[in-house]
Amino acid sequence: MKMETEEDLSSLYELNSSLTEGCRLPCRMSGTNDWPLAEIISIKEQSDGSRYYYVHYVDFNKRLDEWVTDEYLDTRKVQFPRKDGKDQTGTNTGVSTPKRTLPSITNLSRPSSPVSSTTPNPPTNANSNENPLVNGNAVLAAALQKRMSRKRKNTAPPDTAPSEDSEDTPPTPRQSGSMVQGHHDDVVTRMKNVQMIELGKHRIKPWYFAPYPPEMCAMPCIFICEFCLKYRKSRVCLERHIAKCTLRHPPGNEIYRKHTISFFEIDGRKNKIYAQNLCLLAKLFLDHKTLYYDTDPFLFYVMTEFDCRGFHIVGYFSKEKESTEDYNVACILTLPPYQRKGYGKLLIEFSYELSKFEGKTGSPEKPLSDLGLLSYRSYWAQRILEILLEQKPAGDMEKPQLTINEICEMTSIKKEDVISTLQILNLINYYKGQYILCITKDIIDSHNKAMEQRKVRIDPKCLHWTPKDWSKRSKW
C-alpha cells in the first residue's frame, strides 16, 4: 500500500479546507464502491477541526443524501462554484496529490456520516450535546423558525409547540416551495432535518425534509402515535399520550374491509388535525409533496392492517373533493416498512375502484415521484393486459375486438394513460390502414408471472361507499 507523505497530507488538508457549499466533486456513496458526482449542500465544523459535509449525489434521488467525512471526498476533481452560479473545474493548480488509498469503512448507514466501527459516534461541539450531523440543528432550526415566524404574522395562525401531555397542533403545513427563499432557507429545505421516527413497532429513517417543529427535529427520534399520528419528543411522553388516546383506528368512516385490510375515508375539514399530521408524516418520504395548512378541499383514504391492538396505518392517498382535471389521486404513499409487499398497487387499485363507483375515468396528479411512476406504470400494464387477455372473439370474428375507449370504461384509467402504456409495452402496430394490438407470448408469460405475485386484490363487493357530489354542497 502506498503511504501518503506529510507534504501530500498537507496539500489534502488545504484542499479540504477550501471546500465550500456548492462545490461538486466525486464522493464515495455509503455501502458501495461507487464514486458518483456529489454537491456539497452544507458543512459542519467540529471543535477539533474536523469537518462533516452534507452531500447530494447529482442525478440521484435526494433520499440518498447523507453526511460524509473528508476521506469520502475526492478533492482532485473538485468543481468550485462561480459567482454567476455555474461550476468551474478545479484541477488543483500547483498542487500535486497522488491517488489516495481510502481506509476501509464498516457499518455504513444513512443519513449519519460513515465512520469506522471503533468510533461509532462522531465528535460533538464542546458547548452542545447535539449530534453534529442533525443538519446543523442550532443554525438551521433558527433559520426555519425565523422564516415561519415571518409567515405566520401575515397569513398563518400561530404555531403551537407540543407540550408533553397536552393536545398538540401541527406546525403550519405550506407549499414546500414557499419556504425556499434565500440561500439559508434553501439549505434548510434541501436537508433531512429528522434523524429518526418511531411509528408503532417500526423505527424509520426519513428520506426528506419535513417542517416539524425545530425542537422536535433536535431530538434523536420523534415518537409518533400510530393511531392519531400526534408526535412526542420522548417515549415517556408518548406512553403518557397513549394512556389518554382513545383512537385505535384512523378517524372517519371505514368504507372497505376484507380479511385484515381496511380503508378509512377521512374528511380534511372534519378531521383537520389528523389530516395535517398525516401530511407531515408523508412529507418525510415524499420530496415534491405540496403541504397546505388548509386540508378542507381534500379527502384522505388511509389503508390499515388489523390485529389485536388495532388498525395500523400502512399507507394512504388523498384526492380533491372537486378536481377540474379529473384527478383521482393527489398524493399517494406506502410507508417504508410496508413497501415491496404489493400494498402500493393495492392503493392504486382502490383509487380506480372509487372512480368506477363514480362512473368516471381518473389519473394521478403529475408529476409523479420516481417510485410512484414505477408503481403506476406497472399497475396500468398489468390491468390493461388483464383486460386484453380476458377478451373472447365475438360471433364469427377470428380475433377479439376492443377499442381504447372500451378499455378506459372497463378500467377507469384515463385515455392518455392507456395509450402511453400500450406504447411503452410496444403493443400498438399499424397494419393495413388500422391500428392493431399484438401481444407476444413473452409478454403473456411475464404478465402471468407478475400476477401470481399479487396475492392481495381489491374486492369490489367489500366496498361500501356512496360518492358525494361536492359541487352541490355550499360547505365542505
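These numbers come from the heavy atoms of this one structure, side chains and all, not from hydrogens, waters or symmetry mates. In this chain, residues are counted from 1 in sequence order.
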For the backbone of [Y] and the side chain of [X], can you confirm whether one donor and one acceptor N or O come within less than 3.5 Å of each other?
X: Q276; Y: T295; result: no
X: S412; Y: K360; result: yes
X: R383; Y: I387; result: no
X: T32; Y: M29; result: yes
X: K319; Y: F298; result: no
X: K321; Y: D469; result: no
X: S375; Y: L371; result: yes

Using the salt bridge (charged side-chain N to carboxylate O under 4.0 Å, His left out) criterion, which residues pair with [X]? Sequence neighbours excluded.
X: D445; answer: K441
X: R377; answer: none
X: K341; answer: none
X: D370; answer: R63

For the residue pair [X] and [Y], what are the closest heavy atoms and their distance?
X: Y231; Y: I224; answer: CB-CG1, 4.1 Å
X: G362; Y: Y352; answer: O-CE2, 3.3 Å
X: P251; Y: N271; answer: CB-OD1, 3.3 Å
X: D417; Y: P364; answer: OD2-CD, 4.4 Å
X: M303; Y: F263; answer: SD-CZ, 3.4 Å
X: A38; Y: C27; answer: CB-CB, 3.7 Å

Between [Y] and [X], do the side chains contain a donor N or O and an acceptor N or O under 3.5 Å apart?
X: E254; Y: S262; answer: yes
X: K415; Y: T361; answer: no
X: Y57; Y: D34; answer: no

Can you tell me how far [atom2] of [Y] sits from [atom1] of [X], rounded to the nearest 0.5 angstrom?
X: C408; Y: E406; atom1: SG; atom2: CD; result: 10.0 Å
X: I242; Y: L247; atom1: CD1; atom2: CG; result: 12.0 Å
X: L281; Y: L333; atom1: CG; atom2: CG; result: 7.0 Å
X: E21; Y: I43; atom1: CD; atom2: CD1; result: 6.0 Å
X: I348; Y: I413; atom1: CD1; atom2: CD1; result: 10.0 Å
X: L25; Y: L73; atom1: CG; atom2: CG; result: 5.0 Å

Heavy atoms, side chains only, cut-off 4.5 Å: are [X] and [Y] in contact?
X: L402; Y: L437; result: no
X: E320; Y: P297; result: no
X: L354; Y: L463; result: yes
X: V194; Y: Y212; result: yes
X: K283; Y: P211; result: yes
X: P250; Y: F300; result: no
X: F350; Y: K345; result: no
X: I384; Y: I407; result: yes

Using side chain to side chain contact (heavy atoms under 4.5 Å, CB included), reason through I197 and L284 one step at a time and then give a plain yes or no.
CA-CA 10 Å; I197 65 167; L284 291 170; 3.8 Å; yes
Go through C279 and N277 one step at a time and tell me if the side chain to side chain contact (heavy atoms under 4.5 Å, CB included) criterion holds.
CA-CA 5 Å; C279 287; N277 282 323; over 6 Å; no
Give a yes or no on whether the ring-centroid distance for [X] and [Y] is below 6.0 angstrom.
X: F311; Y: F227; result: no
X: W67; Y: Y52; result: no
X: H464; Y: Y256; result: no

Would L425 and L385 count as a side chain to side chain contact (heavy atoms under 4.5 Å, CB included) if you check the C-alpha gap in whole Å, the side-chain angles of each, and the deciding distance to 0.1 Å?
CA-CA 10 Å; L425 293 173; L385 284 171; 4.3 Å; yes
Quick one: do K414 and Y327 satisfy side chain to side chain contact (heavy atoms under 4.5 Å, CB included)? Show the steps, please.
CA-CA 10 Å; K414 238 181 168 20; Y327 292 133; over 6 Å; no
Please step through side-chain hydrogen bond (donor to acceptor under 3.5 Å, both in side chains) for the pair Y208 and N61, ending with a clear verdict.
CA-CA 10 Å; Y208 307 109; N61 193 279; 2.3 Å; yes
E39 vs R190, salt bridge (charged side-chain N to carboxylate O under 4.0 Å, His left out): CA-CA, chis, key distance, verdict
CA-CA 12 Å; E39 179 184 351; R190 289 184 69 183; 3.7 Å; yes
Side chain to side chain donor-acceptor pair (under 3.5 Å) partners of residues 299-313, not counting sequence neighbours, each pair once
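Every pair satisfying side chain to side chain donor-acceptor pair (under 3.5 Å) with a residue in residues 299-313: E226-R309, E226-H312, E265-Y301, E305-Y343, D307-H312.
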Cation-pi, Y72 ring and R28 (6.0 angstrom, 45 degrees):
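Geometry flag: set, cation within 6.0 Å and 45°.
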Show me the donor-acceptor pairs, under 3.5 Å and distance only, between side chains in residues 450-460 and residues at least two apart or in other chains.
unit_1, atom_1, unit_2, atom_2, d
R454, NH1, Q382, OE1, 3.1
R454, NH2, E349, OE1, 3.1
K455, NZ, E452, O, 3.3
R457, NE, E349, OE1, 3.4
R457, NE, E349, OE2, 3.2
R457, NH1, E386, OE2, 3.4
R457, NH2, E349, OE2, 3.4
R457, NH2, E386, OE1, 3.4
D459, OD1, K461, N, 3.1
D459, OD2, K258, NZ, 3.3

